[in-house]
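Computed over heavy atoms, backbone and side chain alike; hydrogens, waters and symmetry mates excluded.
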Amino acid sequence: MCGIVGYIGDRPATEVCVAGLRRLEYRGYDSAGIAVAENGGLEIVKVVGKLDGLAEALAENPLSGTMGIGHTRWATHGKPSEVNSHPHTSMDGRIAVVHNGIIENYADLRDSLQEEGYEFASETDTEVIAHLVDKYYKGDLAAAFRRAVKDLEGAFALGIVCADDPDQMVAARRFSPLVVGIGDGENFIASDMGAVREWTDRVYVIDDDEMAVLTRHDIVLTDLDGNPIEHEPYQIPWPADAAEKGGHKHFMHKEIHEQPSAMRECLLGRLTDADSPIKLDGLNMTEDEIRGLRKIVFTACGTAYHAGLVGRFLMEKLARVPAECDLAAELRARDPVVLEDTLAIVVSQSGETADTLVALRELKDKGAKVVSVVNTVDSSIARESDGVVYIQAGPEIGVASTKAYTLQLLTLTMMATHFAAVRGTANEEDLRDLRASMLGVPEQTQELIDREDDIREVASKYYEAPDAFYLARGVNVPSALEGALKLKEISYIHAEGYSAGEMKHGPIALIEPNLFTVAIAVEGEVYEKMIGNIQEVKARSGPVVAVAMDGDAEITRQADDVLWIPECPELISPITAAIPLQLLAYHISDMLGREIDQPRNLAKTVTVE
Ligand code: AGP
């Protein structure tokens with residue numbers, strides 16, 4: 001996930017673009033760059049690392065041009081480096097592009113352009129756009145783009161400029177967000193309205209397969225074939241200083257709400273329809289290796305560990321490979337025995353967690369093949385793995401992991417389904433159902449977010465409780481652990497995630513009226529037993545909040561409150577059940593006035609053992 005901006009008016013474009021990129025830095029901070037129309041050409045400045053580096057470079061070599069585009073990068077293809085930074089240009093440097101999204105067919109396009117003599121400077125997917133537009137450019141930038149876009153597959157929000165015409169900017173969108181800021185004698189483009197709010201509170205929100213041609217005094221909106229379209233200007237309701245959070249009170253809240261779009265990016269190019277096989281670029285395993293697997297060992301920390309526990313369950317259930325999941329901090333202590341044909345799956349949002357990196361090295365030294373499921377491109381864990389499947393969540397700023405968790409689960413579910421298909425250990429109809437359900441997860445997640453007011457209502461009943469239990473069975477035991485972790489790490493309420501079947505072996509002694517219990521009781525193999533566990537808690541006067549599937553009449557007779565989730569296969573439910581538990585923890589913490597994005601004693605990435 002990256003951030004793009006653009007400006008055309010009478011102010012220095014660098015001033016507007018850098019300020020706009022600061023509001024977008026939450027979208028990525030691997031590198032930053034800018035292209036400004038200057039002295040008949042385009043001046044390009046790019047730096048690796050945070051935006052401050054770009055601001056310093058521009059302070060040393062100021063540019064006065066009043067039309068330009070800018071970019072802050074979250075690497076998806078090609079490591080963070082100056083050459084991979086945006087803007088990317090045509091070979092003659094006269095056309096420049098900034099891009100947020102993923103061009104799925106970039107490799108094929110690159111090959112055919114190279115055969116036509118185009119030379120590539122970077123490893124990115126984006127650079128193909130610059131060369132394609134150049135290929136079709138005959139003096140009209142918008143016309144050249146309209147032809148080039150017919151060759152593009154995948155997601156994009158684009159800003160494009162040409163040195164030949166410094167009084168025009170082209171912008172376009174497919175799947176990745178884009179707004180056009182409406183000024184007076186000046187106009188703007190950006191990945192979200194927070195980046196332009198300082199200068200205008202009126203924007204056009206661009207829809208998929210639409211584009212805009214901007215001059216200082218005009219904005220022409222069309223579809224990608226050039227047919228005019230209409231949009232009413234949207235009045236931004238919040239002040240400029242709320243910008244980088246896009247109007248959300250906390251990054252955590254923003255990231256919970258980003259999950260549907262992030263999930264679509266995670267699925268893009270990997271799972272296209274229920275009947276097609278899953279493609280996991282970067283897995284780096286042959287089908288023979290997958291069929292020859294004798295053991296899978298997951299290892300991770302915290303939330304990523306909970307994702308690993310779900311992955312372990314799915315790999316055994318679907319791919320029928322013996323699997324285990326170990327806390328990274330404990331793995332080395334037990335000096336594990338690693339058999340031949342063992343796959344280690346290492347899960348990490350940051351890719352820099354010290355305990356997890358040490359565990360990776362331990363397993364690798366003992367002969368395991370290592371595949372990591374990581375968010376941060378080119379991170380230490382990614383670099384030391386034999387294969388990497390990136391979750392494409394974009395930067396996660398809130399210390400409490402939310403979108404990274406559900407995208408780890410989605411990625412691991414795709415992986416387990418793929419392994420089962422290759423190993424022939426599950427029937428095709430079941431696998432097709434799982435693929436169809438995964439494709440429906442973004443929409444179900446949006447539906448769950450739309451129920452936020454109901455969840456806030458439940459939070460208002462329990463936010464003063466001193467303790468909580470989170471109970472589940474089977475594939476959702478990790479969901480209980482994760483729900484409890486979300487609550488305790490941001491609200492400071494003591495919460496324990498537990499196997500519901502274990503309660504009668506001691507913990508049930510703790511049940512009392514002011515301790516609430518969250519019970520995950522979704523339709524599936526363990527539902528009846530969960531109803532029994534809920535009754536055991538209720539019999540001891542413990543209030544129960546159930547997570548249940550829409551239409552379950554029985555649960556309303558058993559629980560005090562219900563967090564409803566849309567119907568889905570039980571094996572998919574850890575993903576959807578996570579959403580109401582994230583929102584419950586968030587609203588309880590918000591009602592307690594906690595520092596939700598930076599909870600006490602915690603850091604986003606734990607780079608010490
Ligand atoms: C989760 O909300 C916490 N922030 C923490 O448990 C985190 O998941 C853990 O430190 C692992 O981090 P990683 O995914 O970056 O390796």
Side-chain angles (χ1 to χ4, degrees), residues 2 4-8 35 37 42 67-69 71 86-113 115-118 120 124-182 187-191 203-231 268:
C2 306
I4 71 167
V5 293
Y7 174 73
I8 184 164
L42 292 178
M67 191 276 280
I69 52 177
H71 185 273
H86 303 213
H88 288 286
T89 64
S90 52
M91 286 165 63
D92 62 7
R94 297 191 66 75
I95 291 172
V97 177
V98 289
H99 169 225
N100 173 34
I102 297 175
I103 302 302
E104 285 177 49
N105 62 333
Y106 83 98
D108 295 341
L109 290 171
R110 181 188 181 112
D111 292 346
S112 58
L113 285 162
E115 283 164 18
E116 295 174 47
Y118 289 88
F120 281 72
T124 67
D125 54 329
T126 303
E127 192 180 348
V128 298
I129 303 170
H131 295 308
L132 266 183
V133 172
D134 179 46
K135 174 180 173 181
Y136 296 117
Y137 181 70
K138 305 277 184 293
D140 179 338
L141 183 61
F145 172 70
R146 280 195 293 271
R147 174 58 191 87
V149 76
K150 296 184 186 305
D151 298 345
L152 298 179
E153 293 171 17
F156 54 77
L158 294 170
I160 310 173
V161 294
C162 179
D164 297 355
D165 185 354
D167 297 324
Q168 186 185 83
M169 179 182 296
V170 171
R173 170 203 163 135
R174 180 179 289 159
F175 297 140
S176 299
L178 178 70
V179 299
V180 173
I182 307 162
N187 290 307
F188 312 80
I189 64 169
S191 293
V203 296
Y204 291 122
V205 179
I206 305 301
D207 284 335
D208 284 346
D209 291 335
E210 294 181 353
M211 64 184 284
V213 181
L214 291 72
T215 64
R216 288 171 176 74
H217 299 287
D218 196 17
I219 298 169
V220 176
L221 303 178
T222 71
D223 64 17
L224 297 183
D225 293 321
N227 304 308
I229 55 169
E230 290 291 322
H231 274 303
L268 207 58

Should L221 and I206 be marked as a side chain to side chain contact (heavy atoms under 4.5 Å, CB included) after you check the CA-CA gap, both sets of side-chain angles, and the distance that decides it?
-> CA-CA 9 Å; L221 303 178; I206 305 301; 3.9 Å; yes

Quick one: do H231 and E210 satisfy side chain to side chain donor-acceptor pair (under 3.5 Å)? Show the steps, please.
-> CA-CA 11 Å; H231 274 303; E210 294 181 353; 2.6 Å; yes

Let me see the working for V97 and H71 under side chain to side chain contact (heavy atoms under 4.5 Å, CB included), right down to the final yes or no.
-> CA-CA 9 Å; V97 177; H71 185 273; over 6 Å; no

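Judged by distance alone, the side chain of T126 and the main-chain N or O of H99 form no donor-acceptor pair under 3.5 Å. Side chain of S191 to main chain of I4: a donor-acceptor pair is present (N/O by atom type, distance under 3.5 Å, no hydrogens or angles). Judged by distance alone, with hydrogens and angles left aside, the side-chain atoms of D125 form no donor-acceptor pair with the main-chain N or O of Y106 at under 3.5 Å. In this structure, N105 contributes its side chain and E153 its backbone to a donor-acceptor pair below 3.5 Å. Under a 3.5 Å cut-off, the side chain of N187 and the backbone N or O of T215 do form a donor-acceptor pair.
H131 and F120 have perpendicular rings, their planes meeting at more than 60° on a 0 to 90° scale where under 30° would count as parallel.
A distance of 7.5 Å separates CG of L132 from OG of S112, quoted to the nearest 0.5 Å. Rounding to the nearest 0.5 angstrom, the gap separating the OH atom in Y137 from the CG atom in D164 is 3.5 Å. Rounded to the nearest 0.5 Å, atoms CG (L42) and CD1 (I69) are 7.5 Å apart. Between I229 atom CD1 and Y204 atom OH the span is 10.0 Å, to the nearest 0.5 Å. With rounding to the nearest 0.5 Å, the separation of OH in Y7 from CZ in R216 is 7.5 Å. Interatomic distance, SG of C162 versus CG of D92, reported as 8.0 Å (0.5 Å rounding).
Listed here is the closest heavy atom pair of A172 and M211: CB-CB, 3.8 Å. Closest approach of N100 and S176 over heavy atoms only: O-OG, 3.2 Å. In this structure, P177 and A157 approach most closely via the heavy-atom pair O-CB, 3.4 Å. Contact between A142 and V213 at its shortest, heavy atoms only, is CB-CG2, 3.8 Å. Shown here for S90 and A130, the closest heavy-atom pair between the two residues is N-CB, 3.8 Å.
The shortest side-chain heavy-atom distance between T222 and N227 does not fall under the 4.5 Å cut-off. Taking 4.5 Å as the limit, every side-chain heavy atom of M67 sits out of range of all side-chain heavy atoms of D167. Taking 4.5 Å as the limit, every side-chain heavy atom of V161 sits out of range of all side-chain heavy atoms of I8. Side-chain contact between L141 and D165 is absent, with no heavy-atom pair separated by less than 4.5 Å. I103 places a side-chain heavy atom less than 4.5 Å from the side chain of I129. A heavy-atom distance below 4.5 Å is found between the side chains of D208 and R173.
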